[in-house]
Visitor: 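Below is the structure I would like to discuss, written out as structure tokens.
This one's a predicted model, so the numbers in the text were calculated from it and none came from an experiment.
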Amino acid sequence: MSEVAYNEDVGSSGSGIEHTDIESVHSNRFQKEDDMKQDFDDMENSLDDTPQAIEIPKQPKSAYITVCLTCIMVAFGGFINGWDIGTIGGFVAQTDFLERFGSRHSDGTAYLSKVRTGLLVSIFNVGCAIGSVTLGRLGDIYGRRLGLIMATAIFVVGVVIEIASIDKWYQYFIGRIIAGIGMGVIAVLSPMLISEVSPKDMRGAMVSCYQLMITMGIFLGDCCNYGTKTYSDSTQWRVGLGLQFAWCLCMVGGMMFVPESPRYLVEKGKLEEAKRSVATSNKLTVDDPAVISEVEEIQIAVEKERAEGEAGWGELFQTHNKVFQRVIMGVAVLGLQQLTGANYFFYYGTTVFKSVGLEDGFQAAIVFGVVNFVSTFVALSVVDKFGRRTCLLFGAAGMICCMCVFASVGVTRLWPDGKDAGVSSKGAGNCMIVFSCFFIFCFATSWAPIPFVIISESFPLRVKAKGMALGTVSNQMWNFCIGFFTPFITGAIDFYYGYVFLGCLVFCWFYVFFFVPETKGLQLEDVNVMWEEGVLPWKSASWVPPSQRSADYDVDAMANDDQPVFKKMFGRH
């Protein structure tokens with residue numbers, strides 16, 4: 001009895017010790033897991049609270065004068081691009097250019113065939129497409145500033161080949177390809193750097209400066225052509241080319257004064273330099289809590305992307321994080337920018353206006369350049385005030401009306417006795433010029449600058465260069481198609497061509513409404529969150545970043561809508 005009791009006592013005692021140890025181990029393990037989970041939750045909560053607690057303070061616009069000048073320096077790459085657009089349209093009409101690079105009629109007069117004209121004008125855009133895809137990552141490897149300097153050097157090599165051309169059109173052709181490759185890199189890195197160094201409340205206007213500089217380049221390029229047309233030798237076109245060396249020197253010199261992208265600096269582990277960059281852009285001190293908070297937020301985003309591994313081209317096709325949807329949008333918006341038909345006027349302004357009764361097409365081109373340049377200033381003031389979507393929608397609607405009048409008058413009234421009679425109606429020609437100017441105004445205030453703003457804001461950092469490169473390819477290839485095929489199309493259908501662009505403009509309006517979200521006033525990291533949450537574009541203007549939400553904010557309501565289509569279209573944009 002006592003032995004049994006002893007054994008039971010010992011057994012229960014031994015069993016008790018064993019169970020106690022196991023329970024203790026499990027308890028400690030579960031406690032550690034709970035502690036780790038709580039620490040992680042606390043870290044997440046603290047990260048979520050940081051942006052809400054420390055916002056970059058808003059300052060008067062006058063305080064950002066130096067920031068604006070900095071962004072204009074970066075945007076000067078757009079001036080070089082615009083100068084090329086403005087000058088090449090005049091070169092193909094200059095007598096010396098035709099003598100050197102054209103063919104001969106049976107009577108000995110020089111002319112450029114439609115094929116050769118299309119190639120010389122448009123091959124630059126093919127070079128841009130090649131450069132943006134193959135060399136667009138220079139900014140990720142060497143930094144945005146050094147990448148822009150290297151791209152400018154490539155552009156200069158192309159210009160040297162062009163200006164050294166004597167009488168071989170294919171030498172000039174090769175030079176334009178190489179210059180285009182350099183410009184393709186500039187077209188990616190300039191908007192990218194501006195979007196990353198400008199304050200969020202001015203980001204739209206600052207990125208739009210890239211387009212402003214393009215318009216300035218087009219205008220001054222037209223003026224250069226007008227000033228050299230009286231010469232009878234290669235001065236007609238070599239002066240315009242030679243001045244590009246000066247513009248490139250301005251571009252390289254400006255890069256010496258521009259802060260590097262804080263996102264690039266954080267990615268390379270240069271946190272102190274990143275703080276200085278953010279402080280410079282927002283007119284704050286390096287040790288300001290808002291600056292530190294901004295850099296920490298960028299660092300969190302960079303570390304998250306770094307943990308996901310090296311980004312390849314295949315990542316652009318991922319749909320779970322809406323990257324593929326953003327690629328499609330970038331390709332579409334920058335492609336549609338060309339399909340509005342604006343460059344039809346810029347490239348062939350001299351030819352178009354001769355057909356509507358203006359003998360001196362160079363003067364008409366200057367008129368276009370002035371309207372385009374001045375109107376872009378309007379874009380700088382409205383893009384951050386009314387938002388990207390609203391400007392694109394109203395711009396498309398305005399261009400639809402103008403193109404409808406332009407094409408209809410050209411088809412029905414310009415040649416009252418038929419084109420073969422060679423007599424045009426001055427009244428119809430004047431009407432077409434007026435509505436052309438209205439069209440350029442609508443374009444310059446909306447579809448000219450804003451697609452660059454949208455594409456510079458939409459992509460996460462890890463795929464930003466690749467996404468912007470594909471958008472640039474779309475832009476330049478459509479540009480090439482319009483530049484190359486326009487002489488053939490206008491030769492076959494004249495001003496019926498305007499109806500093609502009219503159909504594209506109608507598509508532009510619907511595409512923006514249903515697929516382009518509003519990004520006004522958001523941090524670049526918040527734009528990424530909005531896309532990942534699947535916010536419907538027509539509700540995006542009301543979207544609130546996570547750091548600013550109240551407890552009753554309904555995330556699902558922003559991603560779902562059961563309203564009829566007409567209510568979506570005529571409700572808030």
Side-chain angles (χ1 to χ4, degrees), residues 85 89 211 214-215 218 332-358 361 364-365 367-376 378-379 389-415 419 424-425 427-451 475 478-479 481-513 516:
I85 295 172
Q211 178 62 28
I214 290 178
T215 62
I218 292 173
V333 170
L334 279 176
L336 289 172
Q337 182 199 54
Q338 297 300 324
L339 289 172
T340 59
N343 274 357
Y344 162 61
F345 296 108
F346 293 132
Y347 280 140
Y348 298 100
T350 54
T351 305
V352 169
F353 283 104
K354 282 182 180 178
S355 68
V356 299
L358 274 182
V367 171
F368 265 8
V370 170
V371 174
N372 190 29
F373 177 56
V374 174
S375 300
T376 307
V378 179
R389 269 174 62 85
T390 302
C391 291
L392 288 178
L393 290 171
F394 277 97
M399 286 189 288
I400 287 170
C401 298
C402 294
M403 185 62 79
C404 184
V405 174
F406 176 85
S408 298
V409 172
V411 168
T412 62
R413 294 286 185 269
L414 183 58
W415 294 296
K419 185 177 179 181
S424 61
S425 168
N430 290 337
C431 177
M432 293 177 70
I433 292 171
V434 169
F435 276 92
S436 297
C437 292
F438 280 134
F439 179 94
I440 296 301
F441 171 80
C442 294
F443 175 76
T445 55
S446 57
W447 280 85
I450 295 177
N475 184 271
W478 279 112
N479 204 340
C481 290
I482 292 170
F484 182 78
F485 291 110
T486 289
F488 300 97
I489 297 173
T490 54
I493 62 175
D494 290 320
F495 293 103
Y496 283 102
Y497 194 23
Y499 292 123
V500 176
F501 294 122
L502 180 62
C504 294
L505 286 166
V506 172
F507 179 78
C508 287
W509 194 96
F510 283 98
Y511 186 85
V512 170
F513 183 86
V516 179

Visitor: Tell me every residue that passes side chain to side chain contact (heavy atoms under 4.5 Å, CB included) with Val506, counting only those two or more places apart in sequence or in another chain.
Guide: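 With sequence neighbours excluded, Val506 shows a side chain to side chain contact (heavy atoms under 4.5 Å, CB included) to Ile400, Phe510, given in chain and number order.
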Visitor: Please find the pair of heavy atoms, one from Arg389 and one from Val516, that lie closest to each other, and give the distance.
Guide: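 Smallest heavy-atom distance, with atoms named: NH1-O, 2.8 Å.
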Visitor: Looking at residues at least two apart in the chain, or sitting in another chain, which of them share a side chain to side chain donor-acceptor pair (under 3.5 Å) with Tyr497?
Guide: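 Partners of Tyr497 under the side chain to side chain donor-acceptor pair (under 3.5 Å) test: Thr486.
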Visitor: Output the distance between atom CD1 (Ile489) and atom CZ (Phe484), rounded to the nearest 0.5 Å.
Guide: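 Those atoms lie 10.5 Å apart.
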Visitor: Could you work out, with side chain to side chain contact (heavy atoms under 4.5 Å, CB included) as the rule, every residue matching Thr376, not counting sequence neighbours?
Guide: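 Checked Thr376 against side chain to side chain contact (heavy atoms under 4.5 Å, CB included); matches are Gln211, Leu212, Thr215, Asn372, Ala444.
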Visitor: Would you compute the distance between atom SG of Cys442 and atom CH2 of Trp447 and round it to the nearest 0.5 angstrom?
Guide: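 So the SG of Cys442 and the CH2 of Trp447 are separated by 13.0 Å.
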Visitor: Does Phe373 CZ have over 12 foreign heavy atoms under 6.0 Å away?
Guide: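 Buried by this count: over 12 neighbours within 6.0 Å.
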Visitor: Looking at Tyr496, I'd like to know if its OH atom is crowded, meaning that more than 12 non-hydrogen atoms belonging to other residues, nucleotides or ligands lie closer than 6.0 Å.
Guide: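 At most 12 heavy atoms, drawn from other residues, nucleotides or ligands, come within 6.0 Å of this atom.
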Visitor: Could you work out, with side chain to side chain donor-acceptor pair (under 3.5 Å) as the rule, every residue matching Gln337, not counting sequence neighbours?
Guide: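 By the side chain to side chain donor-acceptor pair (under 3.5 Å) rule, Gln337 matches Asn475.
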Visitor: How many angstroms lie between CZ in Phe439 and OG in Ser375, if you round to the nearest 0.5 Å?
Guide: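 Here the interatomic distance stands at 12.0 Å.
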Visitor: On a heavy-atom basis, which atom in Leu339 and which in Cys504 lie closest, and how many Å separate them?
Guide: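 Closest pair (atom of Leu339, atom of Cys504, distance): O-CB, 3.3 Å.
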Visitor: Kindly give the heavy-atom pair with the smallest separation between Trp509 and Leu393, and that separation in Å.
Guide: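 Heavy-atom minimum between the residues: CD1-O, 3.2 Å.
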Visitor: Looking at every heavy atom in both Phe501 and Ile482, which two are closest together, and how far apart are they?
Guide: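 Minimum heavy-atom separation between Phe501 and Ile482: CE2-CD1, 4.3 Å.
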Visitor: Drop me the distance from Phe443's CZ to Thr445's OG1, to the nearest 0.5 angstrom.
Guide: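 Going from the CZ atom of Phe443 to the OG1 atom of Thr445 covers 10.0 Å.
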Visitor: Return the CD1 to CG distance between Ile85 and Asn479, rounded to the nearest 0.5 Å.
Guide: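 Rounded to the nearest 0.5 Å, the CD1-CG separation comes to 6.5 Å.
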Visitor: For Ile450 versus Cys391, what's the shortest heavy-atom pair and its separation?
Guide: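 Where Ile450 meets Cys391 most closely, the heavy atoms are CD1-CB, 3.2 Å.
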Visitor: I need the Phe435 CZ to Cys404 SG distance, nearest 0.5 Å.
Guide: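 Separation between the atoms: 10.0 Å.
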Visitor: Is there a side-chain contact between Val333 and Tyr511, using heavy atoms and a 4.5 Å cut-off?
Guide: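 Counting from C-beta outward, Val333 and Tyr511 do come under 4.5 Å.
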Visitor: Report the residues that fulfil side chain to side chain contact (heavy atoms under 4.5 Å, CB included) with Ala379, sequence neighbours left out, ordered by chain and then residue number.
Guide: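 Here the qualifying residues are Pro449.
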Visitor: Kindly give the heavy-atom pair with the smallest separation between Phe441 and Val371, and that separation in Å.
Guide: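 In this case the closest contact between Phe441 and Val371 is N-CG1, 4.2 Å.
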Visitor: Tell me every residue that passes side chain to side chain donor-acceptor pair (under 3.5 Å) with Ser408, counting only those two or more places apart in sequence or in another chain.
Guide: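 Applying side chain to side chain donor-acceptor pair (under 3.5 Å) to Ser408 gives Tyr499.
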